[in-house]
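In what follows, a single structure is set out as structure tokens and then discussed.
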Amino acid sequence: SQQGEEDPQALSIQEGENATMNCSYKTSINNLQWYRQNSGRGLVHLILIRSNEREKHSGRLRVTLDTSKKSSSLLITASRAADTASYFCATDVGAQKLVFGQGTRLTINP
Amino acid sequence: EPEVTQTPSHQVTQMGQEVILRCVPISNHLYFYWYRQILGQKVEFLVSFYNNEISEKSEIFDDQFSVERPDGSNFTLKIRSTKLEDSAMYFCASSEALYQETQYFGPGTRLLVL
């Protein structure tokens with residue numbers, strides 16, 4: 001697998017349900033960042049979790065990081081139609097660049 | 001809230017033409033980046049820039065690409081002789097510091113090479 005792979009590739013849930021997306025990576029990281037992209041639009045930063053952190057919250061978002069498994073998860077609670085977007089994890093490997101995954105396309109059905 | 005801006009939002013050009021994509025990073029940020037996203041594919045790093053010089057570049061960033069900070073606010077990406085495969089969304093990003101810092105992205109410029 002490549003650095004920063006999200007799973008699943010697509011997720012469709014009902015409004016109000018929770019959505020969980022996973023990200024796996026291969027190399028050591030300084031931090032991992034999650035971004036949202038609405039169709040054809042820019043990347044909106046959601047949350048950054050450092051390599052020495054295990055969990056972080058921001059509003060309805062909860063991110064976990066397991067460096068032993070080289071994986072992270074993004075949980076969106078009480079989903080809304082406006083959460084429909086693609087979600088990307090990006091790993092900061094310390095080379096002054098972010099390495100992005102392929103993304104998870106999340107659809108929230110009303 | 002400060003944000004990264006990019007102009008133009010869309011650009012259509014003929015193959016072989018030069019294009020300049022412009023970005024205004026967040027004002028107190030010191031590190032600047034260009035990424036691109038070919039339709040349906042991953043966001044890919046192109047180049048990072050600090051203290052008026054390139055700090056890191058990817059294999060995509062070949063001699064046809066160049067970056068410049070012509071004044072205190074703008075950051076540009078020039079593609080000298082565009083190819084069909086340069087068609088993509090180009091994102092500018094900036095960060096306040098180098099490590100452990102969020103990179104804030106602009107809305108992107110969609111480049112179409114015909």
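A, B, ... follow the sequence lines: proteins, then strands. Residue 1 opens every chain. In this text, all values refer to a predicted model and were calculated from it rather than measured experimentally.
For B:Q37, the part lying under 4.5 angstrom from a heavy atom of chain A is the side chain only. If you measure heavy-atom distances from B:Y35 to chain A, the contacts under 4.5 Å come from the side chain alone.
Identified under the disulfide bond (SG atoms under 2.5 Å apart) test for residues 29-85 of chain A, with sequence neighbours left out: none.
More than 12 heavy atoms of other shown residues, nucleotides or ligands fall within 6.0 angstrom of atom CD in A:E17. Counting non-hydrogen atoms of other residues, nucleotides and ligands closer than 6.0 Å to CZ of A:R54 gives a total above 12. Counting heavy-atom neighbours within 6.0 Å of B:R80 CZ, excluding the residue itself, gives a total above 12. Heavy atoms of other residues, nucleotides or ligands lying less than 6.0 angstrom from CZ of A:R105 number 12 at most. When the shell of 6.0 Å around NZ of B:K57 is examined, it contains 12 or fewer heavy atoms from other residues, nucleotides or ligands. B:L39 CG: 12 or fewer foreign heavy atoms inside a 6.0 Å radius.
Atom CD of A:Q33 is separated from atom CD of B:E101 by 9.0 Å, given to the nearest 0.5 angstrom. Of the inter-residue distances, the one linking A:L98 atom CG with B:F45 atom CZ reads 9.0 Å to the nearest 0.5 angstrom. A distance of 9.5 Å separates OG1 of B:T102 from CD1 of A:I47, quoted to the nearest 0.5 Å.
Of the listed residues B:S58, B:S55, B:S9, the one with more heavy-atom pairs under 4.5 angstrom with chain A than any other is B:S55.
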Test log, rule side chain to side chain contact (heavy atoms under 4.5 Å, CB included), inputs B:Q41 and A:F100: CA-CA 10 Å; B:Q41 296 188 23; A:F100 282 80; over 6 Å; no
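Between B:F105 and A:Y35, the ring-plane angle classifies as perpendicular under the 30° and 60° cut-offs.
When all heavy atoms of B:M89 and A:R41 are compared, the closest pair comes out as CE-O, 4.5 Å.
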